[in-house]
Amino acid sequence: MVFQKLHLLFKMGKEYNHQKIKDSGLSETECIICSFVISHEDCTQDDVVQAFHIDKTTIAKAMVTLEEKGFIERKQSSDDKRKKVLKLTAAGKKATLAIGDLHEKWFEQVLSVLSPDEQKTFENYCDRLLEAAKKSGH
């Protein structure tokens, strides 16, 4: 029973995040790419493929769309002229930062129904459950 409630809670959070990502003008794949690029300076398209194990064709199509939207640009690497590094444009940074902490914002909103003491207790319960899960072999 408790597992079903936790599953439903996470499902609701996922649905909320999907809608906010869609509202920002990005697809899920585009969001993944932009989030990676914003935190990995001078990365390449191959770096994104390797990091997320997403098909090269899927990433390539998303890159074209991101360039068309004006969210990302590819520039020649100063270290290796054969490589193109990815850079977010101002619009790309704005969209990515706007959705960057969606999970945290949503969960803070959900947790707001608990008192500060209840939130701390809940956090302690989560820590204990995570430790037990680690000991059980994931």
Original post:
Should we say atom CD of Q4 is surrounded by more than 12 heavy atoms from elsewhere, each under 6.0 Å from it?
Top reply: no

Subject >> same_hphob_cluster(F107, V113) at 4.5 Å side-chain heavy-atom cutoff >> reply: yes

Original post:
What do the steps show when you test E131 against R128 for salt bridge (Lys or Arg N to Asp or Glu O under 4.0 Å), and what is the final call?
Top reply: CA-CA 5 Å; E131 280 302 312; R128 289 173 48 197; over 6 Å; no

Original post:
Listed by chain and number, what are the salt bridge (Lys or Arg N to Asp or Glu O under 4.0 Å) partners of K105, not counting sequence neighbours?
Top reply: D101

Subject >> Option passing side-chain contact (heavy atoms from CB on, under 4.5 Å) with I33 (candidates I59, L26, I38) >> reply: I59

Subject >> K87 bridged to D42 by N-O distance under 4.0 Å >> reply: yes

Subject >> Pairs where residues 3-14 contributes a residue and the test salt bridge (Lys or Arg N to Asp or Glu O under 4.0 Å) is met, not counting sequence neighbours >> reply: none

Original post:
Residues two or more places apart in sequence or in another chain: which of them pass salt bridge (Lys or Arg N to Asp or Glu O under 4.0 Å) with E41?
Top reply: none

**OP:** Apply side-chain hydrogen bond (donor to acceptor under 3.5 Å, both in side chains) to D46 and list each qualifying residue two or more places apart in sequence or on a separate chain.
**Re:** none

Original post:
What pairs with K75 under salt bridge (Lys or Arg N to Asp or Glu O under 4.0 Å), at least two apart in sequence or on another chain?
Top reply: E73

Subject >> Spacing of NZ belonging to K69 relative to SG belonging to C34, to within rounding of 0.5 Å >> reply: 8.5 Å

Original post:
Do any pairs count as a ring-ring contact (aromatic ring centres under 6.0 Å, His included) and have a residue in residues 41-91, sequence neighbours left out, and if so which ones?
Top reply: F36-F52

Original post:
Yes or no on side-chain hydrogen bond (donor to acceptor under 3.5 Å, both in side chains) for T44 and D47, after CA distance, side-chain angles and deciding distance?
Top reply: CA-CA 5 Å; T44 66; D47 294 332; 3.2 Å; yes

Original post:
Can you list the steps and then say if W106 with M12 is a side-chain contact (heavy atoms from CB on, under 4.5 Å)?
Top reply: CA-CA 10 Å; W106 178 80; M12 293 170 83; 4.2 Å; yes

Subject >> Nearest heavy-atom neighbours spanning G70 and A91 >> reply: O-CB, 3.9 Å

Original post:
Does a donor on one side chain and an acceptor on the other come within less than 3.5 Å for Q76 and R82?
Top reply: no

**OP:** Measure the spacing between CD of Q119 and CD of E123 and express it to the nearest 0.5 Å.
**Re:** 9.0 Å

**OP:** Could you grab the distance from atom SG of C31 to atom CG of N17, nearest 0.5 Å is fine?
**Re:** 9.0 Å

